[in-house]
Amino acid sequence: MKTEPDVFSIHDLRRKGRSAWDGVRNYTARNFMKDDMAVGELVLFYHSNATPPGVAGVAKVCSKSYPDPTQFDPKSEYYDAKSKIDAPRWWLVDVEFVEELATFLPLPLLRETRALADMVLLRKGMRLSVQPVSKPHFKWILRAGGASTKP
DNA sequence: GCCAACGTTGGC
DNA sequence: GCCAACGTTGGC
């Protein structure tokens with residue numbers, strides 16, 4: 001899951017403990033949250049639009065998917081007038097803090113790592129803010145980042 | 001700040 | 001259903 005650290009960083013998640021992953025307004029990313037993420041599943045926490053960008057930590061899915069409440073709030077920047085209470089367009093999950101990586105893994109390092117050559121994150125033009133990570137890639141990142149989390 | 005890549009919108 | 005125009009993401 002990608003987030004801009006200026007907006008919401010791994011430290012913000014550690015401080016809050018858990019957070020609703022609201023504001024996602026891309027259908028493909030939404031579908032992953034709505035249909036594919038199970039409670040207890042581990043998540044890589046990626047800092048985008050940072051210098052450098054990279055994987056900063058580990059989180060965990062801690063709710064089933066439910067409609068993103070910000071879509072119904074006219075005062076929210078994520079308000080969607082086309083969304084109806086009985087037919088929500090946008091869904092999310094809650095995530096909880098697991099750990100910050102002992103070693104931040106910057107994007108250039110990931111790019112030069114052969115074991116990650118076919119990682120979704122590294123594909124040309126990939127912009128999805130919620131995307132799948134294969135088990136081998138996940139394990140490599142936990143190990144390289146000095147994580148204590150077991151996959 | 002630039003711009004490539006991609007997604008969405010809306011006219012037809 | 002097509003596709004041009006536009007908006008957004010996000011690395012650099």
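Values in this document were obtained by computation on a predicted structure and should not be read as measured data. All chains are named by letter (A, B, ...) in the order of the sequence lines, taking the proteins before the strands, and each is independently numbered beginning at 1.
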Could you tell me the separation between the [atom1] atom of [X] and the [atom2] atom of [N], rounded to a whole number of Å?
X        : N      : atom1 : atom2 : value
A/Arg123 : B/dG7  : CZ    : P     : 13 Å
A/Tyr46  : C/dG11 : OH    : C1'   : 8 Å
A/Leu122 : B/dA5  : CG    : C1'   : 16 Å
A/Arg25  : C/dT8  : CZ    : P     : 14 Å
A/Met1   : C/dT9  : CE    : P     : 16 Å
A/Asn49  : B/dC3  : CG    : P     : 17 Å
A/Met126 : B/dA5  : CE    : P     : 14 Å
A/Lys124 : B/dA4  : NZ    : C1'   : 7 Å

Full working for side-chain hydrogen bond (donor to acceptor under 3.5 Å, both in side chains) between A/Trp91 and A/Asp68: CA-CA 5 Å; A/Trp91 294 66; A/Asp68 181 341; over 6 Å; no
Short side-chain donor-acceptor distance under 3.5 Å, A/Glu100 and A/His11: yes
Distance-only polar pair, side chains of A/Asp73 and A/Tyr78, donor-acceptor under 3.5 Å: no
Touch class at under 4.0 angstrom, heavy-atom based, for A/Arg111 against every strand present: sugar-phosphate
Closest-nucleotide ordering on DNA chain B, the 5'-leading residue of A/Asn26 and A/Lys82: A/Asn26
Any A/Lys2 side-chain nitrogen or oxygen under 4.0 Å from OP1 or OP2 of C/dT9: no
Under 4.0 angstrom between A/Tyr27 side-chain N/O and B/dC6 OP1 or OP2: no
A/Phe45 ring center near A/Trp21 ring center (under 6.0 Å): yes
